[in-house]
Amino acid sequence: MTAKLTWARVLLYATLIVVAAIYLMPIYMTVITALKDPADINLDTAWQLPSHLNWGSFSQAYAKLGPNIVNSIILAVTATLLSSLLGSLNGYVFSKWSFRGNDLVFTLLLFGMFIPYQIILIPLFQTLRAMHLYGGLPGLILAHVVYGLPITTLIFRNFYAQIPSSLTESAQIDGAGFFKLYLRVIFPLSIPGFVVTFIWQFTQIWNEFLWGITLTKYNANPITVGLAQLAGGQAVSWNLPMAGSIIAAIPVLIIYILMGRYFIRGLLAGSVKG
Amino acid sequence: MHLTRDRIIAFAVLLPSLILIAVFVYGFIGQTVYISFTDWGRGAALALHPQMNLIGFDNYKELFTSFLHGRFRQDLINAFFYTMSLVLGSLSLGLFLAILLDREPRGEGIFRTIFLYPMSLSFVVTGTIWRWLLAPGGGINVLPTFVGLPAGHFRWTSSRGQILTFDWQSIPEITAIVVALVLLFLTIRTWRTGKHKRAFAVAVPALILVLWALFGGRMVPQMLPIPEKHGFNLATIGVSLAAIWQFSGYTMALYLAGLRGIPVGLHEAARLDGANDIQYYMRVAFPILKPITLSAVIILAHISLKMFALIFAMAGPDNASTGHPAVLMYLTTFRGNKFALGASIAVILFLLVALFIIPYLVSSYREQRRRAS
């Protein structure tokens with residue numbers, strides 16, 4: 001398409017800029033509110049830049065959310081690694097060692113990705129309690145690993161399907177067995193697949209709230225629960241929840257801005273038919 | 001043989017995951033269904049082995065007919081409106097943005113990043129931010145003053161207003177009319193294609209439904225002792241706005257991928273045939289995008305039915321006007337300790353989601369089989 005400056009072109013840019021401004025508006029409000037003194041936050045000046053910068057809200061919010069952040073990091077890193085590794089092995093089996101009823105089993109597995117988690121919440125609560133895992137991080141990690149299996153398996157299955165079978169077959173003729181084939185041929189080619197699942201799982205687990213609030217006790221609360229409590233209290237001044245929101249959003253925003261391409265791939269993997 | 005041994009190893013590697021999914025997904029769903037038929041939640045509900053008696057469908061009956069559970073029925077209506085607004089809002093906005101970006105403006109990457117970043121945020125973060133934006137003294141209500149208008153006074157999530165009110169008792173009649181309208185639409189379309197006989201076959205049930213709704217509806221026994229008003233809660237608008245802000249970028253990404261997938265030759269051919277841009281999109285692009293729309297509707301509908309965290313963070317779980325069955329399930333189970341009743345709400349929610357998901361998975365399964373053979 002030619003980039004001549006016509007009226008249509010001007011209209012296109014004007015529309016895009018207006019819409020982009022609307023999309024950025026919540027972030028603008030969040031940042032300026034977080035930087036204001038509590039006393040300066042009022043209706044008339046809500047949209048104005050702060051008269052002077054007050055960074056205190058961030059240290060105050062961090063003091064409250066610090067333990068939650070540590071919990072979320074432990075939770076997200078462990079569960080992401082475990083579910084990605086299992087997903088990689090499963091995807092390898094589904095794409096290179098297909099068995100009878102392959103597709104049916106895979107579809108039944110995928111179903112686990114789409115259920116509203118309320119439907120398994122009560123038995124999950126009972127089971128974790130019976131296993132003495134209720135209330136702490138290990139139980140939450142277990143839940144995230146298990147219910148992460150469908151998406152990670154899906155991403156890796158689709159990814160490995162693109163590896164030409166001539167490559168795996170020649171390795172098999174050379175005598176490579178199941179694990180040797182995985183370690184020598186498949187795993188070294190998996191880096192992009194791992195990047196997609198790492199980003200997807202980390203973001204999902206970091207952002208998860210329902211299990212955080214129902215399955216953990218105070219000490220093990222993840223960041224989302226901490227933020228909800230920080231913002232939900234009575235008579236809060238808005239600078240604190242806004243600073244807390246920024247702290248909670250920063251890790252995933254950085255990942256998104258640096259690795260947006262892979263993030264979109266994970267996004268599309270969850271919706272485009274496998 | 002070597003290969004068979006490897007096949008056994010392969011299956012053994014997969015087996016633990018399959019067992020976990022069998023137990024944690026299918027076993028747990030079965031368990032929740034079972035719990036919904038019990039009376040768990042009386043007395044010492046939190047005991048490790050609580051007392052449970054099977055009571056059949058009583059919990060469901062109570063949810064739909066007891067006057068104590070009016071909130072559940074309003075929550076169902078809310079869930080319907082949440083779904084409609086999220087699906088329609090995100091689809092139209094996403095398509096609009098995708099068409100704009102399909103024209104390859106400069107800085108396309110930056111615009112795409114801006115439209116998509118809300119998708120990476122947690123529902124709790126989105127909820128907290130929008131709670132401030134929509135607070136009565138917050139940002140959005142002040143906006144009109146910038147162009148000289150008086151400030152807005154809409155109370156957003158704390159609004160108590162309700163429009164499109166109807167009596168819960170008339171749900172069977174309303175359903176009949178809606179189904180009849182859909183059938184009527186199909187009749188007209190079939191008639192136009194020239195299949196008059198088939199159009200007639202569709203028109204007859206539509207007519208019967210209308211007649212039944214107008215005259216026969218009163219034969220249905222009353223579900224509730226007194227009329228109960230429900231409708232579209234204005235408080236849900238704010239939550240829907242935040243959800244659309246978060247997910248329209250996602251539909252944009254889907255549509256943009258679809259538009260970019262259309263071979264350039266097709267666009268050229270359409271232009272050579274004298275089609276302008278509008279005709280190109282209407283006649284060439286949109287039909288190609290249909291399967292994408294279908295996946296997006298399914299994904300968005302199932303997201304909106306799970307919209308627990310957003311409502312929790314934005315309006316608070318106790319706000320009845322913005323209620324949703326997913327939130328009510330949490331309150332009933334984990335605050336009220338009425339586990340059986342909570343399980344029943346979860347089952348209803350699950351059935352609603354399954355309505356969208358199962359046909360989607362079945363069609364995707366069939367497609368795989370076709371590709372494999």
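By convention in this document, chain letters (A, B, ...) are assigned in the order of the sequence lines, proteins followed by strands, and residues within each chain are numbered from 1. Note that these values count all heavy atoms, side chains included, but never hydrogens, waters or copies made by symmetry. Keep in mind that what you see is a predicted model, and the values were worked out from it rather than measured.
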Minimum side-chain heavy-atom gap B:Val25-A:Ile120 below 4.5 Å: no
Geometric class of the A:Phe125/B:Phe339 ring pair [parallel <30°, tilted 30-60°, perpendicular >60°]: parallel
Polar contact flag, side-chain donor to acceptor under 3.5 angstrom, B:Trp132-A:Thr33: yes
Parallel, tilted or perpendicular: ring planes of A:Tyr147 versus B:Phe24, cut at 30 and 60 degrees: perpendicular
Distance-minimising heavy-atom pair for B:Leu100 and A:Thr15: CD1-CG2, 4.0 Å
Close side-chain approach of B:Phe308 to A:Gln118, heavy-atom, < 4.5 Å: yes
A:Phe99 vs B:Leu14 side-chain heavy atoms within contact, under 4.5 Å: yes
Heavy-atom pair of closest approach, residues B:Ile35 and A:Gln126: CD1-OE1, 3.8 Å
4.5 Å side-chain heavy-atom contact, A:Ile255 and B:Ser120: no
Interface moiety of B:Pro118 toward chain A, non-hydrogen atoms closer than 4.5 Å: side chain
Set of side chain to side chain donor-acceptor pair (under 3.5 Å) partners for B:Arg335, sequence neighbours left out: B:Asp318
For the student: nearest non-hydrogen atoms of B:Ser17 and A:Leu86, plus distance: OG-CD2, 4.5 Å
Aromatic ring proximity A:Tyr256/B:Tyr117, centre distance under 6.0 Å: no
Test item: A:Tyr13 and B:Arg106 side chains (from C-beta on) under 4.5 Å apart, heavy atoms: yes
Between A:Tyr23 and B:Ser248: side-chain donor-acceptor atoms closer than 3.5 Å: yes
